[in-house]
Number of protein chains: 2
Amino acid sequence: MVSTGRNLPTLEDVARAAGVSTATVSRCLNEPGKVSEKTRDHVMQAVSKLNYSPNFGARAIAANRTGIFGAVIPTMENAIFARGIEAFQKSLVEKNGTTLVASSAYDPENEARLIRTMVARGADGLLLIGTERDPEIYTFLADRNIPTVIAWACSADPNQAYVGFDNRAASERLVAHAIGMGHRTFACISAPTATNDRARDRVLGARQAITTAGLDAAAMPIVETDYSIENGRSAFRQIAATASLPSLIICGNDVLAVGAIQAATAAGLDVPGDVSIIGFDDIELATVISPALTTVHVPHREMGRLAGDTLYSLVKDAAEPIRIELETRLVERQSLAAPKSMR
Amino acid sequence: MVSTGRNLPTLEDVARAAGVSTATVSRCLNEPGKVSEKTRDHVMQAVSKLNYSPNFGARAIAANRTGIFGAVIPTMENAIFARGIEAFQKSLVEKNGTTLVASSAYDPENEARLIRTMVARGADGLLLIGTERDPEIYTFLADRNIPTVIAWACSADPNQAYVGFDNRAASERLVAHAIGMGHRTFACISAPTATNDRARDRVLGARQAITTAGLDAAAMPIVETDYSIENGRSAFRQIAATASLPSLIICGNDVLAVGAIQAATAAGLDVPGDVSIIGFDDIELATVISPALTTVHVPHREMGRLAGDTLYSLVKDAAEPIRIELETRLVERQSLAAPKSMR
DNA sequence: TATTTCTATGTAATAGCTTGCATTTTCTGA
DNA sequence: TCAGAAAATGCAAGCTATTACATAGAAATA
């Protein structure tokens with residue numbers, strides 16, 4: 001194990017050097033407003049002269065907080081979470097917080113373990129994705145007074161803070177739009193719905209739109225597969241291998257949709273001429289793929305930023321749960337068009 | 001401020017419940033081999049009965065370590081860092097570590113501040129990107145015995161651990177390959193080289209290849225701009241606006257290259273017919289853009305994973321600095337072809 | 001049996017900072 | 001100038017786990 005290094009300066013050393021008490025030095029560092037300017041100058045000079053930086057453990061134990069905020073996300077490899085966490089992190093850095101990040105790979109058990117680890121590592125508050133998890137986790141967090149903010153979804157629990165959007169309604173709107181263009185036959189490529197409430201809601205929204213149009217939602221085949229371009233490709237092939245190709249392929253996110261477009265193109269099909277494909281999220285990939293993807297724009301960055309703001313105020317001011325529902329927006333590009341039968 | 005929650009059990013509570021001293025309980029938790037089986041059973045029973053979990057701050061101060069590993073990266077929005085950090089994090093989770101992440105937006109001052117913050121937040125070790133930074137930072141870290149691993153580049157300092165690759169050599173190889181195909185006129189789109197050693201090395205590599213071929217490297221115009229697709233587009237326009245279009249555009253990374261391809265296509269140019277464009281990194285975008293991008297593949301995930309392993313062993317075993325140079329690989333796709341003059 | 005060697009456990013000294021409360025200094029206004 | 005209020009500062013009590021060292025007891029050896 002690594003030793004503590006040459007004996008580093010402590011608060012007391014700084015206090016001595018500045019000719020004040022440790023209390024004053026501590027206040028200089030934590031509540032500079034409470035110290036006179038003259039004293040503060042002296043102290044800060046001593047701080048930088050000694051190159052002092054406070055001992056973390058001591059501070060954590062004395063103040064009973066760490067300034068660390070945890071985020072447990074499904075993966076950093078999807079640009080939406082990378083974006084969101086980047087914004088979350090930036091928001092907290094502005095408030096002198098730091099972000100502890102871990103990804104669960106969409107596995108609930110992993111997630112539960114990581115949440116406990118974060119708490120054991122001193123996280124003052126936690127960002128979680130989606131609402132669905134073992135109730136024991138919520139109890140665990142409540143017992144320890146660790147505030148949480150949920151993002152990417154809205155919670156039904158009135159005491160749960162969140163910054164989310166309505167996955168179901170957004171999906172329903174997009175599919176209804178496609179139905180309005182004439183689509184009548186569908187297939188769906190989704191992430192596994194059993195352990196992913198957002199994915200499930202998106203499928204439910206699509207079904208709802210189909211049902212509302214007087215069509216048979218149960219007839220829509222669904223391929224469940226983890227989010228990746230490659231999986232999108234193979235899911236498309238799987239769908240294309242069945243009797244008749246649907247006119248619209250509804251994808252759980254843009255990554256799957258990009259894979260589907262690639263596979264369709266590779267199979268010699270024209271998108272959207274032979275088959276329309278829609279996504280969800282609106283990441284950069286959606287504009288780079290050809291044809292560009294029609295999708296739902298989710299304000300990921302704003303969500304991350306607001307989640308940071310919200311979590312901070314919960315930790316700092318023990319604020320009442322803040323519940324923010326953001327708007328999504330349909331983005332029409334080239335991968336969705338009226339089906340052949342309509343032309 | 002949030003209170004500590006209902007008074008949670010302490011080591012002492014557990015000791016009392018198990019009828020032993022706090023030292024024994026501590027040993028049960030940290031070095032179970034040193035305690036007799038009978039005692040251990042008693043203690044563990046008390047632990048789970050009281051639902052005890054050790055206080056983070058107290059542990060940190062007493063043990064002088066936290067199990068927290070920091071990573072200060074330029075941005076999470078570029079897939080390469082998202083990938084790398086994901087792998088880094090995964091490697092450390094396996095070893096019961098947790099990852100503190102912050103992004104500096106390629107700003108050295110930000111980076112310096114974030115490094116200090118991470119240390120102040122108890123990071124046992126740090127992952128940094130690139131070698132170039134204020135020497136004071138290295139002193140600061142050395143004074144505090146905080147091991148660091150550098151990734152994405154190789155350090156000349158024999159005491160500095162790293163897991164990197166040779167940006168310069170990789171770039172030189174790719175450009176030499178293009179020259180071999182007949183290219184004689186060049187332009188370059190790069191991230192600002194003043195504050196980014198990787199970007200600078202890539203430009204140097206390109207220049208080297210040009211010089212080696214007996215051509216005039218100084219004649220190559222360079223547009224410096226932050227990494228983003230949009231900036232790649234406008235940089236291309238800027239280059240295209242000059243007298244004669246070069247046959248090869250060398251981009252500092254894939255993101256810029258994708259933008260350049262889009263702008264070229266939008267301007268009615270054929271890539272690679274009218275102009276060849278090459279990137280660096282090999283991210284997903286490179287395969288999704290059309291024409292697919294010829295680029296240098298960098299093993300980002302492996303780099304992240306190895307950086308995690310390395311950092312852990314430095315912290316844990318105070319191992320000698322481990323220095324790993326990974327191989328990059330040229331990936332030939334469609335955006336590079338022999339120039340018109342050669343056909 | 002006496003002596004030595006281990007093993008298991010306990011005692012108590014830290015570790016360094018924050019903060020409630022007490023005290024001193026400075027400011028305000030008559 | 002001085003009482004009273006406000007601001008600045010100091011005192012010292014925590015906060016909780018780890019671990020060096022001490023000790024007791026068990027096992028091994030002579």
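Atoms considered below: every heavy atom in the structure, side chains included; atoms not considered: hydrogens, waters and symmetry mates. Chain letters run A, B, ... following the sequence lines, proteins first and then strands; every chain starts at 1.
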[X] side chain near [N] phosphate (N/O to OP1/OP2, under 4.0 Å):
X       : N      : value
A:Arg59 : D:dT16 : no
B:Thr24 : C:dG10 : yes
B:Ser36 : C:dT9  : yes
A:Asn64 : C:dT18 : no
A:Ser21 : D:dG10 : yes

Tell me, with the steps shown, if B:Arg83 and B:Glu86 meet salt bridge (charged side-chain N to carboxylate O under 4.0 Å, His left out).
CA-CA 5 Å; B:Arg83 271 187 200 173; B:Glu86 173 92 8; over 6 Å; no
From [options], pick the nucleotide closest to the side chain of [X]?
X       : options                : result
B:Ser26 : D:dA8, D:dG10, D:dT18  : D:dT18
A:Thr22 : D:dG10, D:dT16, C:dT18 : C:dT18
B:Ala23 : C:dG10, C:dC17, D:dA17 : C:dG10
A:Ile61 : C:dT9, C:dT19, D:dC15  : D:dC15

Do other residues, nucleotides or ligands put more than 12 heavy atoms under 6.0 Å from A:Glu12 CD?
no
Please compare A:Thr10 and B:Val20 by the position of their nearest nucleotide in DNA chain C and report the one closer to 5'.
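Here B:Val20 is the residue nearer the 5' end.
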Please report the distance, rounded to the nearest Å, between [atom1] in [X] and [atom2] in [N].
X        : N      : atom1 : atom2 : value
A:Lys34  : C:dT24 : NZ    : P     : 20 Å
A:Asn55  : D:dT16 : CG    : C1'   : 14 Å
B:Arg121 : C:dC17 : CZ    : C1'   : 14 Å
B:Leu11  : C:dT9  : CG    : C1'   : 15 Å
A:Arg16  : C:dG16 : CZ    : P     : 12 Å
B:Lys38  : C:dT7  : NZ    : C1'   : 15 Å
B:Arg27  : D:dA17 : CZ    : P     : 15 Å
A:Glu12  : C:dT14 : CD    : C1'   : 13 Å

Do A:Arg121 and B:Thr98 have side-chain atoms, one donor and one acceptor, less than 3.5 Å apart?
yes
Side chains of A:Arg323 and A:Asn159: any donor to acceptor distance under 3.5 Å?
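Looking only at side-chain atoms, A:Arg323 and A:Asn159 do not form any donor-acceptor pair under 3.5 Å.
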Could you name each residue pair satisfying ring pair (Phe, Tyr, Trp, His ring centres under 6.0 Å) that touches residues 68-95 of chain B, not counting sequence neighbours?
B:Phe81-B:Trp152
Pick base, sugar-phosphate or nothing for A:Tyr52, based on heavy-atom distances below 4.0 Å to the nucleic acid.
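Sugar-phosphate contact only - A:Tyr52 comes under 4.0 Å of backbone atoms but never of a base.
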